[in-house]
Amino acid sequence: MIASHLRPDPVQLGAEWKALVEAEYEQTERVREWHEQDYYRPVAAHFVDDPRRPGDALLNALRSYCAPDATWLDVGAGGGRNALPLALLSRKVIAIEPSPAMRDAMSASMLEYGIRNVEVIDARWPDASERFDVDYSLMAHVGYDIREINPFIDGLERATRRRCFATLMSRAPSGGFTQFWPEIHGEERFVLPALSEFIHVLLARGVTPEVRLFPRDVEHIEPDQIRHNARRRLWLTEGSVKDQRLQELVNDAITRSIEDFTEPIVVGLVSWEPKQHP
């Protein structure tokens with residue numbers, strides 16, 4: 001039998017995906033200077049948005065599938081940036097979110113906008129995925145650090161009758177500021193899989209996905225925010241020896257007007273018909 005990269009084995013790709021995720025995790029645990037029981041607690045507010053906001057092209061693409069009788073599953077719903085807008089145009093949204101800070105942010109947003117048809121569930125996917133049976137499912141920016149990507153997708157397809165959706169950036173969010181890692185930590189950064197790798201896995205699984213690309217609005221970031229983001233991406237404590245050196249490097253980059261801090265500029269909306277649904 002001739003092995004071919006043109007016809008990859010999805011099990012092998014899943015193993016390679018897992019190896020990348022575990023290498024990134026091991027590296028992070030080895031060099032990190034701070035720990036947070038709920039990683040998203042300091043940033044949960046950034047995952048909340050007006051559910052009636054106009055001008056969001058990617059969200060509008062999802063909205064086009066909504067109907068008064070439609071049901072949705074939002075896996076890794078965060079602060080409800082997608083779950084709440086979809087709920088306004090659908091019968092029900094089931095929001096799976098393991099982060100307490102994110103659930104609190106979503107619940108507060110639901111109360112603020114008077115949205116009552118979102119069921120928020122504390123769970124980790126794909127645990128209990130057989131419990132759900134919805135028209136559409138969404139995984140928005142949650143695939144990057146999933147170790148077992150094939151079971152994750154299996155659960156999504158098992159719960160979905162009509163169409164699965166995934167949004168991923170061209171680069172995993174944790175991959176920013178990688179150019180500073182050799183100087184600060186003495187090694188290259190392991191970068192998590194993202195959009196292209198996810199599409200590769202789907203193709204290997206026998207799926208022909210529809211892929212739509214949307215430019216990501218990258219707003220101007222003030223120098224203080226750049227410094228904070230760099231510190232967070234390199235897992236440093238403010239004022240530590242490594243952080244002091246990092247801030248020197250970042251300040252030099254800012255002074256020389258280097259604006260590229262490897263921010264992802266493209267977001268992909270990937271959709272496909274589920275193959276695993278009973």
Side-chain angles (χ1 to χ4, degrees), residues 17 19-36 38-49 58 76 78-79 81 99 101-102 139-147 149 166-199 213-269:
W17 184 292
L20 278 175
V21 172
E22 291 188 339
E24 193 267 357
Y25 176 81
E26 184 278 331
Q27 183 182 51
T28 298
E29 291 302 300
R30 180 161 37 80
V31 305
R32 68 191 300 171
E33 295 183 347
W34 59 269
H35 292 75
E36 177 69 55
D38 184 353
Y39 175 81
Y40 291 103
R41 185 187 61 79
V43 295
H46 298 299
F47 292 82
V48 176
D49 208 340
L58 192 154
R81 293 190 74 252
S99 163
M102 288 292 202
M139 48 179 288
H141 303 296
V142 296
Y144 311 107
D145 60 353
I146 299 299
R147 285 177 169 83
I149 191 63
T167 65
L168 297 101
M169 287 185 275
S170 53
R171 180 202 41 80
S174 64
F177 300 94
T178 55
Q179 67 269 44
F180 299 122
W181 272 71
E183 173 78 16
I184 299 302
H185 292 307
E187 57 191 84
E188 296 289 338
R189 178 57 160 153
F190 286 109
V191 178
L192 292 171
L195 176 62
S196 60
E197 291 88 354
F198 186 79
I199 295 170
L213 300 179
F214 297 85
R216 182 169 177 263
D217 293 330
V218 181
E219 299 179 357
H220 172 72
I221 305 176
E222 294 298 325
D224 283 347
Q225 188 62 45
I226 293 174
R227 298 183 187 102
H228 171 78
N229 291 349
R231 179 183 301 120
R232 186 171 175 82
R233 290 289 184 263
L234 273 75
W235 297 87
L236 302 179
T237 301
E238 184 173 2
S240 71
V241 173
K242 283 187 174 182
D243 181 50
Q244 292 177 42
R245 177 55 182 152
L246 174 65
Q247 299 309 318
E248 291 175 357
L249 296 174
V250 173
N251 287 338
D252 178 65
I254 293 172
T255 300
R256 291 187 290 117
S257 299
I258 296 176
E259 305 252 342
D260 179 16
F261 292 103
T262 58
E263 287 286 335
I265 59 174
V266 172
V267 179
L269 175 61

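Along the sequence shown, residues are numbered consecutively beginning with 1.
Residues Val250 and Ile226 are in side-chain contact: their nearest non-hydrogen atoms beyond the backbone lie under 4.5 Å apart. When side chains are defined from C-beta on, Asp243 does not count as touching Thr237, because their heavy atoms never get closer than 4.5 Å. For the pair Phe214/Leu269, a side-chain contact is recorded, criterion being any heavy-atom separation below 4.5 Å from C-beta on. Between Pro193 and Tyr144 the shortest side-chain heavy-atom distance does not fall below 4.5 Å. With contacts defined as side-chain heavy-atom distances shorter than 4.5 Å, the pair Ile184/Leu249 qualifies. Using a 4.5 Å heavy-atom cutoff, the side chains of Val31 and Leu234 are not in contact.
Atom CH2 in Trp235 sits 6.0 Å away from atom OG1 in Thr28 (nearest 0.5 Å). Rounding to the nearest 0.5 angstrom, the gap separating the CE atom in Met169 from the NE2 atom in His141 is 5.0 Å. For the atom pair CD (Glu188) and CD (Gln27), the distance works out to 9.5 Å, reported to the nearest 0.5 Å. Remark: Leu246 CG to Arg233 CZ distance equals 12.5 Å, nearest 0.5 Å. Rounding to the nearest 0.5 Å gives a distance of 9.0 Å between CG of Asn229 and CZ of Arg232. Rounding to the nearest 0.5 Å gives a distance of 4.0 Å between CD of Glu24 and CG of Leu192.
Scanning both residues, Leu20 and Val191, for their nearest heavy atoms gives CD2-O, 4.1 Å.
The residues Lys242 and Glu33 are annotated as not salt-bridged, no charged nitrogen and carboxylate oxygen being separated by less than 4.0 angstrom.
Checked by atom type and distance alone, the side chain of Glu187 never pairs as donor or acceptor with a backbone atom of Trp181 at under 3.5 Å. No donor-acceptor pair under 3.5 Å is formed between the side chain of Trp17 and the backbone N or O of Phe198. A donor-acceptor pair under 3.5 Å links the side-chain atoms of Arg171 to the main chain of Pro173, judged by distance alone. A donor-acceptor pair under 3.5 Å is formed between the side chain of Asn251 and the backbone N or O of Gln247. Remark: the backbone N or O of Ala194 is paired with a side-chain donor or acceptor of Glu197 at under 3.5 angstrom. A distance-only check finds a donor-acceptor pair linking the side chain of Arg32 to the backbone of Trp34 [under 3.5 Å]. Remark: side-chain polar atoms of Gln244 are paired, donor with acceptor, to backbone N or O of Gly239 under 3.5 angstrom.
Looking only at atom types and distance, the side chain of Arg245 has no donor-acceptor partner in the side chain of Ser240 under 3.5 Å away.
For the pair Arg30 and Tyr25, the cation-pi test (distance below 6.0 Å, angle within 45°) is failed.
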